[in-house]
Amino acid sequence: MSKDNIGLNLEYEVLRNDFTKAGEASSNIKKILTQLGINSSIIRRIAIATYEAEMNIAIHSLGGCITVNVTPKEINIVALDNGPGIEDIELAMQEGYSTAPNSVRELGFGAGMGLSNMKRCSDKFKITSQKGKNTRVNMIIYI
Amino acid sequence: MNKYFHSVVLEEEKCNGCTNCLRRCPIEAIRVKDKKATIIKERCIDCGECIRVCPYHAQKSITDDLEMLNNFEFNIAIPSMPLYGQFDVGTDMDKVYQGIKDLGFDYIYDEARAADIVAEVFKEMVKDSSFQRPIISALCPAIVRLIQVRFPSLIDNIARVESPMEVAARLAKKEVIEKFGISLQKIGIFYLTQCPAKVTSIRKPIGISESHLNGAISITKLYGHIIKNAKKIQNNETFQKGSPLGVGWARVGGQSYAIGVENYIAVDGIENVINVLEEIELGKLNNLDFFEGLACTGGCVGGPLNVENPFIAKSRIRKLSKIKSKAKKINKNYVKMLQDEGYIGWTENIYPKGIMTLDDDMKVALEKIEKIKEIAGLLPGLDCGSCGSPTCTALAEDIVRGFGNLEDCVFRMKENMKKR
Ligand SMILES: Nc1ncnc2c1ncn2[C@@H]1O[C@H](COP(=O)(O)OP(=O)(O)O)[C@@H](O)[C@H]1O
Ligand code: SF4
Ligand SMILES: [Mg+2]
């Protein structure tokens, strides 16, 4: 086991457009963090961050995967999808900016607050993407 | 006093070990071991789901008896709001209240009167943007305990306002002392209850250090007596009663209607409440002003100690709550004074209940979670309940917590037998 792999590793597959299953990662992580006895406001931040990451993969990407590494010091979340990538990250990060189609907005998603919420909930936030390739969001939250 | 008093208890002799209650418990607090159900006391929130689903009536609610009245010189009854829904619309509630009084009470204080006062407090809160949104009503103690166990991050959203039951008890005492000059120690106050969770709240209050009530008697126990008495009544007193809006609190949505808040969500049924609390916890309802969540179907009219069918009772309450009120408006300054004198607010903080935590040492807890994952992988994932735990994951957790064996799973047992 490599050094940064110490602790618990969790993995969740997120399918494109699957709104019934999206949300599972966040509620499962919430349960586990509760069993670990972590402070409830930290759990809430992690739940929100994971949920928004899941929704973005389901809504905006071709599908992907969320991995979570839990150690007594921090929670490290990686949301990685299979494309199509984001052209202008700075624009995407702006509050209220969204390319979500109407069909998705009708379900109550697409307020354009997801990425900024994720950033606000994390202690460290990093998004990397390339148009035509994929998007990777890395969030670290200290316990 | 018992550290974990619960009104909801199980009568072992009646339990035949079926698993109806097992999967209905919203916080996985029930296990069936050796053909008998048991309730994990640390977890139980007294919502009464198990009482409702038990076909053998083995789950029940402990309430007090009328004999308790002998302990006091002066007894006050607080009829709960859903009592209105137990009788046909048009029933003379004065006769009903006289019937209650004739059971041995000296004074009646209608809970709906207190609801009218609490509604005024909420009206001001909703106007005040400094309260965290959504403001969550604390009317239903099962929901408050649910939040402590499953949604601790929402504790700060709970309105620190007592329920009408408790406010009624305080105001009733004040009224009786002023009217009759009786000393406080001689007064007994009893809630006529539809609700096991409220019975628990009298013994183990949330948000206050001590309840002002001395006990609770279930509506189920008294219903027959009340009817019998009411039929005989020739002359009855006229009792002061709550407004139609106050009575309306007995059904889901009634609080919001009484407060007059537009931007609210009212949810009944504990599973539904859990689903909406999940959404609130994800920050999706930060713009909502008011949330009323009630464990029982229809709201308190669905409380397990009622007699009438919840839907019928709810329909009656709705009609009653829409009658044009002749009552005069409650004076704002009066409410303010009650607040200042401590009649209404909570005095104690409430805290998360870390009962789901696997170990205080996080490293150990992490190891246990790995174990749970590993064991869960050996189980079939059918959640059949035959092992006595509500789900396969719950069995895996029980094993790691030291309360179960892999062989409790019937599928594992079969496989083992084949191997032999
Ligand atoms: N995983 C992703 N793949 C492609 N585009 C994305 C991804 N995540 C976010 N985006 C883009 O960034 C925009 C803003 O995202 P976000 O702040 O979560 O708001 P919303 O999801 O409500 O649109 C999205 O509308 C989308 O154009
Ligand atoms: S909904 Fe009413 S009757 Fe049911 S548990 Fe809550 S307070 Fe009690
Ligand atoms: Mg989004």
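To find a chain, count down the sequence lines: A is the first, B the second, and so on, and within it residues start at 1. Everything quoted here is computed from the prediction, not taken from an experiment.
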Inter-residue atom distance N39(A).CG - S153(B).OG, 0.5 Å rounding: 9.5 Å

Atom pair OG (S41(A)) and CG (D156(B)), whose distance is rounded to the nearest 0.5 Å: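 Here the interatomic distance stands at 9.0 Å.
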
Per-residue contacts, residues 135-143 of chain A versus chain B, heavy atoms under 4.5 Å: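 Result: I143(A).
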
For the residue pair [X] and [Y], what are the closest heavy atoms and their distance?
X: L366(B); Y: L8(A); answer: CD2-CB, 3.6 Å
X: K373(B); Y: N9(A); answer: NZ-O, 2.9 Å
X: E370(B); Y: G7(A); answer: OE2-O, 3.7 Å
X: T34(A); Y: M356(B); answer: CG2-CB, 4.1 Å
X: M362(B); Y: V70(A); answer: CE-CG1, 4.3 Å

Residues I369(B), L36(A); criterion side chain to side chain contact (heavy atoms under 4.5 Å, CB included); working and verdict: CA-CA 8 Å; I369(B) 287 180; L36(A) 290 175; 3.5 Å; yes

More than 12 heavy atoms of other residues, nucleotides or ligands under 6.0 Å from [atom1] of [X]: yes or no?
X: K119(A); atom1: NZ; value: no
X: K73(A); atom1: NZ; value: no
X: E348(B); atom1: CD; value: yes

Heavy-atom proximity to chain A below 4.5 Å, by part of L154(B):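 Looking at L154(B), just its side chain touches chain A.
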
Chain A contact via E367(B) - side chain, backbone, both or neither, heavy atoms under 4.5 Å: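 Neither the backbone nor the side chain of E367(B) comes within 4.5 Å of chain A.
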
I43(A) portion near chain B, given a 4.5 angstrom heavy-atom threshold: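 Neither; nothing under 4.5 Å.
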
Side chain, backbone, both or neither of L33(A) within contact of chain B (heavy atoms, under 4.5 Å):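 For L33(A), no heavy atom lies under 4.5 Å from chain B.
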
Members of residues 281-295 of chain B whose heavy atoms come closer than 4.5 Å to chain A: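 Hits under 4.5 Å: E281(B), L282(B), G283(B), K284(B), N286(B).
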
Worked verdict on E278(B) versus K30(A) for side chain to side chain contact (heavy atoms under 4.5 Å, CB included): CA-CA 10 Å; E278(B) 296 273 5; K30(A) 206 162 79 176; 2.6 Å; yes

Test side chain to side chain contact (heavy atoms under 4.5 Å, CB included) applied to K31(A) and T393(B), step by step: CA-CA 12 Å; K31(A) 183 179 173 192; T393(B) 317; 4.1 Å; yes

